[in-house]
Number of protein chains: 2
Amino acid sequence: MSTIHDDQGKGMNDPLLELSGYLLRRASAAALNELNDRLAALGLRHTDVSLLLLIRANPGITQSQAGRLLDIQRANMVPVVARLEKRGLIKRTPVDGRSRAIRLTAAGRMLAKKSFAVVQALDQDLIGRVPAKLRQAVRPILLALWQGAAE
Amino acid sequence: MSTIHDDQGKGMNDPLLELSGYLLRRASAAALNELNDRLAALGLRHTDVSLLLLIRANPGITQSQAGRLLDIQRANMVPVVARLEKRGLIKRTPVDGRSRAIRLTAAGRMLAKKSFAVVQALDQDLIGRVPAKLRQAVRPILLALWQGAAE
DNA sequence: TATTGTTATACTCTATAACTATA
DNA sequence: TATAGTTATAGAGTATAACAATA
């Protein structure tokens with residue numbers, strides 16, 4: 001991770017720092033890298049964890065429903081689900097002829113718990129980096145930036 | 001773009017919405033998609049624009065310096081720079097035996113100007129989605145989330 | 001007709017290792 | 001020894017089109 005504070009960045013002029021959208025992207029990328037680093041010990045990536053947590057909160061959810069909530073297209077859900085199933089973290093049972101209900105296995109519940117602790121710890125760290133007076137504005141701002149997007 | 005507000009999301013429980021890190025990622029992805037959509041008319045992607053704007057603000061910057069500021073590795077800068085050069089938007093001149101100074105061509109300056117207008121317009125739109133009382137907190141929060149990251 | 005899960009495919013972005021030529 | 005630019009390669013994530021089976 002390089003930032004404007006690097007020695008190598010001295011004397012340079014970075015007009016991108018004036019752009020909120022750029023700061024949003026850099027902050028997101030940094031947090032995502034940090035999350036993936038911390039999750040590596042569990043052999044998971046952020047995508048796996050988001051799906052595990054969603055299944056845990058919604059036992060029996062289908063692949064399509066999960067994909068819509070996570071904004072992952074049906075076609076792209078296939079390898080993610082297959083990987084978690086192969087690892088024995090989730091199981092699928094037919095709900096009708098075409099849909100399958102996804103649930104966590106015991107191993108999946110264990111790993112969901114562990115990964116949730118990691119995710120929550122990072123979230124606390126992220127919030128802790130924000131000056132105390134601004135902390136209560138973090139979630140409303142991020143929600144507004146996201147949910148206000150054209151869809 | 002799907003969100004929790006979709007009809008298909010009804011009745012679902014999304015625990016990820018409690019996580020600032022997740023909101024950060026979704027907000028960033030949404031903004032990035034929107035930016036790339038708007039830049040498509042210019043035949044550019046967000047990466048191209050960030051480099052064009054950085055070169056415009058720092059004529060003669062080298063590929064490595066730009067990569068450090070943008071957090072793009074040397075190896076990954078090669079195709080980006082090559083594409084912009086092939087399109088006649090930038091030119092490179094040797095500064096010593098190994099480094100080359102990058103500058104915008106006339107066409108590059110024109111496109112940098114146009115793309116900067118697009119980027120600034122999106123930035124205004126983004127800020128406009130945030131409740132007025134919270135707007136002044138947007139940049140400090142994003143900077144804190146980013147620059148507070150371990151490096 | 002629309003939806004679910006799937007395959008195939010391609011493109012972008014990112015990561016690592018290794019090479020050359022220069023400093 | 002370290003750095004700049006490059007090549008090659010692999011892994012994520014994402015996008016579209018198409019298909020079979022089912023609703």
Side-chain angles (χ1 to χ4, degrees), chain A residues 1-2 6-9 22 25-26 28-37 39-40 43-51 60-86 90-102, chain B residues 1-2 6-9 22 25-26 28-37 39-40 43-51 60-86 90-102:
Chain A
M1 282 280 117
S2 293
D6 286 2
D7 286 328
Q8 302 283 4
Y22 181 75
R25 182 166 71 80
R26 293 299 300 268
S28 172
L32 205 51
N33 282 336
E34 206 168 345
L35 177 57
N36 282 329
D37 284 348
L39 289 175
L44 295 170
R45 293 186 54 77
H46 71 95
T47 307
D48 302 318
V49 172
S50 63
L51 183 54
I61 194 173
T62 68
Q63 203 163 311
S64 291
Q65 288 172 327
R68 276 190 291 271
L69 286 174
L70 298 174
D71 197 31
I72 298 176
Q73 299 186 52
R74 285 192 310 291
N76 296 329
M77 286 292 291
V78 175
V80 180
V81 169
R83 187 170 63 238
L84 295 181
E85 188 174 41
K86 192 173 183 182
I90 61 175
K91 59 176 185 291
R92 290 189 280 183
T93 56
V95 68
D96 62 24
R98 58 181 176 185
S99 300
R100 310 190 203 177
I102 310 179
Chain B
M1 282 283 117
S2 293
D6 286 1
D7 287 328
Q8 301 284 3
Y22 181 74
R25 181 167 71 82
R26 293 298 301 268
S28 172
L32 205 52
N33 282 336
E34 206 168 346
L35 177 58
N36 283 328
D37 285 348
L39 289 174
L44 296 171
R45 295 186 52 77
H46 72 94
T47 306
D48 302 318
V49 172
S50 63
L51 183 54
I61 193 173
T62 68
Q63 202 163 311
S64 291
Q65 288 172 328
R68 276 191 291 271
L69 286 174
L70 298 173
D71 197 31
I72 298 176
Q73 300 186 50
R74 284 191 312 287
N76 296 328
M77 287 292 291
V78 175
V80 180
V81 169
R83 186 171 64 238
L84 295 181
E85 188 174 41
K86 192 173 183 182
I90 61 175
K91 60 175 184 292
R92 290 187 282 182
T93 56
V95 69
D96 62 24
R98 59 184 177 183
S99 300
R100 310 191 202 177
I102 310 179

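Reminder, nothing fancy here: chain letters follow the sequence lines and each chain counts from 1.
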Measure CG/B/N76 against P/D/dA4 and give the value in whole Å, please.
16 Å
Given atom CZ of A/R100 and atom C1' of C/dT3, what is their separation to the nearest angstrom?
15 Å
Measure the distance from CG on B/D71 to P on C/dT14 and round it to the nearest whole Å.
8 Å
For the pair made of CG in B/L32 and C1' in D/dG13, what is the distance, rounded to whole Å?
12 Å
Might you point out which heavy atoms bring A/Q63 and A/M77 nearest each other, and give the distance in Å?
O-CE, 3.7 Å
So, is A/Q63 close to the C/dT4 phosphate, meaning a side-chain N or O under 4.0 Å from OP1 or OP2?
no
Return the value, rounded to whole Å, for the distance between atom CZ of B/R25 and atom P of D/dA12.
15 Å
Counting side-chain heavy atoms from C-beta on, which of C/dC13, D/dG5, C/dT6 comes nearest to B/T62?
D/dG5
Answer yes or no: does a side-chain N or O of A/H46 lie under 4.0 Å from OP1 or OP2 of D/dG13?
yes
Under 4.0 Å, counting only non-hydrogen atoms across every strand here, what does A/R92 touch: a base, just sugar-phosphate, or nothing?
sugar-phosphate
Which pairs would a plain distance check flag for residues 93-101 of chain A, meaning a side-chain donor or acceptor within less than 3.5 Å of a matching protein atom at least two apart in sequence or in another chain?
from  : atom 1 : to    : atom 2 : distance (Å)
A/D96 : OD1    : A/R98 : N      : 2.9
A/D96 : OD1    : A/S99 : N      : 2.8

The criterion is side-chain hydrogen bond (donor to acceptor under 3.5 Å, both in side chains); which residues satisfy it with B/Q73, sequence neighbours excluded?
none
Please tell me if A/Q73 has a side-chain N or O lying less than 4.0 Å from either OP1 or OP2 of D/dA15.
yes
Would you indicate, yes or no, if C/dC13 has its OP1 or OP2 atom less than 4.0 angstrom from a side-chain nitrogen or oxygen of B/T47?
yes
Hey, are the side chains of B/L84 and B/I102 touching, using non-hydrogen atoms and a 4.5 Å cut-off?
no
side-chain N/O A/S64 vs C/dG5 OP1/OP2, d < 4.0 Å
yes
Please state how far atom CZ in B/R83 lies from atom P in C/dC13, giving the value in whole angstrom units.
7 Å
Minimum heavy-atom separation for A/Y22 and B/L69, please, with both atom names.
OH-O, 3.6 Å
Taken to the nearest whole Å, CG/A/D48 to C1'/D/dA12 is 11 Å
With sugar-phosphate taken as primed atoms, P, OP1 and OP2 and all else as base, the protein-contact string of nucleotides 17-23 of chain D at under 4.0 Å (heavy atoms; B, S, -) is B----BS
Could you state the atom-to-atom distance from CE of B/M77 to P of D/dT6 in whole Å?
10 Å
Under 4.0 angstrom between A/R45 side-chain N/O and D/dG11 OP1 or OP2:
no
Tell me, do A/L39 and A/D48 make a side-chain contact under 4.5 Å, heavy atoms counted?
no
Side chains of B/L35 and A/R25: closer than 4.5 Å at any heavy-atom pair?
no
